[in-house]
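All heavy atoms count here, side chains included; hydrogens, waters and symmetry mates do not.
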Amino acid sequence: FEVTGVQTCALPISESSKLMYKVGGQSVTVPNGMEPDKSWADLPSNKTVEAATGTIITVIELGSDGKAIKVGTATVTAGA
């Protein structure tokens, strides 16, 4: 997926499932089977989100039951 204007991130997540993300100042611990709350956003179909340098983006893949099965995290760096 692409973080608009600053970084393209390759995370170990299948593209066949529903993906959600959260951007913040620290990484998010995501236990297997976690059900995302309303603070998580759907990853857009174009897989492009905006984030500032130094922030951390966490992306989760949801199984058919709507619970986390995989997670990936990256630190956003301008021009990467």
Side-chain angles (χ1 to χ4, degrees):
F1 65 93
E2 181 178 342
V3 181
T4 303
V6 290
Q7 181 178 34
T8 298
C9 302
L11 300 175
I13 294 177
S14 166
E15 299 206 19
S16 61
S17 299
K18 180 174 180 171
L19 303 176
M20 298 186 83
Y21 76 98
K22 184 184 280 193
V23 176
Q26 58 188 1
S27 61
V28 178
T29 300
V30 179
N32 197 23
M34 181 196 85
E35 213 169 316
D37 61 23
K38 293 181 182 184
S39 67
W40 291 85
D42 289 331
L43 191 66
S45 59
N46 67 2
K47 297 181 179 54
T48 300
V49 298
E50 291 186 27
T53 295
T55 57
I56 298 173
I57 185 165
T58 304
V59 178
I60 56 174
E61 177 182 353
L62 304 180
S64 59
D65 60 358
K67 295 180 180 177
I69 57 174
K70 292 184 184 175
V71 62
T73 302
T75 300
V76 178
T77 305

I60 and L19, any side-chain heavy atoms less than 4.5 Å apart: no

Heavy-atom closest contact (A68 atom, N32 atom, distance): O-OD1, 3.0 Å

Trace of the side chain to side chain contact (heavy atoms under 4.5 Å, CB included) decision for T58 with V71: CA-CA 7 Å; T58 304; V71 62; 3.6 Å; yes

Spacing of T29 atom OG1 and M34 atom CE [to the nearest 0.5 Å]: 10.0 Å

T73 side chain near V28 side chain, heavy-atom distance below 4.5 Å: no

Connected via hydrophobic side-chain network under 4.5 Å: M20 and V30: yes

Summary of side-chain hydrogen bond (donor to acceptor under 3.5 Å, both in side chains) pairs that have at least one residue in residues 19-28, sequence neighbours excluded: K22-S39

Contact check, side chains of V23 and I56, non-hydrogen atoms, under 4.5 Å: no

For A51 against T55, the heavy-atom pair lying closest together: CB-OG1, 3.6 Å

All pairs passing salt bridge (Lys or Arg N to Asp or Glu O under 4.0 Å) where residues 28-43 contributes a residue, at least two apart: K18-D42

